[in-house]
Amino acid sequence: MPTWLFKTEPSEFPFAKLAAAAGGTMWDGVANPTALIHLRSCAVGDHVYIYHTASEKAIVGLAVVTKAAYPDPARPELNDRAEPRFAVVNLRRVMDVKAPLTLAAIKADPRSAEFDLLRQSRLSVMPVPPALAKIIDSLTGLKR
DNA sequence: GCCAACGTTGGC
DNA sequence: GCCAACGTTGGC
């Protein structure tokens, strides 16, 4: 199953604020067109690494998609059309990583050279290639 | 706080 | 439809 990486600013919406209950929490605020394309590709059951930006710059946890993309209910004026401008998904918190995986550590590993996280620093929703997901699982101590 | 690397906007 | 000017993100 596909794995994604979502970025969030920990002072705005930290990983810990994601609900661990079945329905999860709405993940909104994605405006970048490329990020929205990825967001619309998320399916229920897909796994999502949560990455904290700003001072942390590390993968801190794992979440799962509990509801696929739908129009942001807070932006009806922009979503009342065939192609909604803003999409959101629901995410449920699954588990913390055993060890946060820092951007510096990811950069230092030549196997992540093609990762969007390094190639396009402003992208907030991106796919994680399966081979890289395996590496990240091992480096963070995630058992899933 | 700075600035590179994007996106977006609006005049033409 | 182009592109200059402006705005935003996020690493440093």
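Chain A is the first sequence line, chain B the second, and so forth, proteins listed ahead of strands; every chain is numbered from 1. These numbers come from a predicted model, not from an experiment.
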N/O to N/O distances under 3.5 Å, protein versus nucleotides 1-6 of chain C:
none

| remark: For nucleotides 7-12 of chain C, 5' to 3', base contacts (B), sugar-phosphate-only contacts (S) and non-contacts (-) with protein non-hydrogen atoms under 4.0 Å give BBBSSS
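- With sequence neighbours excluded, no residue satisfies salt bridge (Lys or Arg N to Asp or Glu O under 4.0 Å) with Asp96(A).
- Residues Val128(A) and Trp4(A) fail the side-chain proximity criterion, which asks for heavy atoms closer than 4.5 Å.
- Contact check for Leu91(A) versus Ile50(A): side-chain heavy atoms found under the 4.5 Å cut-off.
- Within the 4.5 Å cutoff, the side chain of Thr25(A) has heavy atoms near those of the Phe13(A) side chain.
- Take Glu114(A) and apply the side chain to side chain donor-acceptor pair (under 3.5 Å) test, not counting sequence neighbours, and it matches Arg119(A).
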Show me the donor-acceptor pairs, under 3.5 Å and distance only, between side chains in residues 136-144 of chain A and residues at least two apart or in other chains.
unit_1    : atom_1 : unit_2    : atom_2 : d
Asp137(A) : OD1    : Tyr49(A)  : OH     : 2.7
Asp137(A) : OD1    : Arg144(A) : NE     : 3.2
Asp137(A) : OD1    : Arg144(A) : NH2    : 3.4
Asp137(A) : OD2    : Arg144(A) : NE     : 3.0
Asp137(A) : OD2    : Arg144(A) : NH2    : 3.2
Thr140(A) : OG1    : Ile136(A) : O      : 2.6
Thr140(A) : OG1    : Asp137(A) : O      : 3.3
Arg144(A) : NH1    : Thr3(A)   : OG1    : 3.4
Arg144(A) : NH1    : His47(A)  : ND1    : 2.8
Arg144(A) : NH2    : Thr3(A)   : OG1    : 3.3
Arg144(A) : NH2    : Tyr49(A)  : OH     : 3.1

Distance-only criterion, 3.5 Å: show the donor-acceptor pairs between side-chain atoms of residues 54-67 of chain A and protein atoms not counting sequence neighbours.
unit_1   : atom_1 : unit_2   : atom_2 : d
Glu56(A) : OE1    : His52(A) : ND1    : 2.9
Glu56(A) : OE2    : His52(A) : ND1    : 3.3
Lys57(A) : NZ     : Ala54(A) : O      : 2.9
Thr66(A) : OG1    : Gly23(A) : O      : 2.9
Thr66(A) : OG1    : Asn90(A) : O      : 3.4

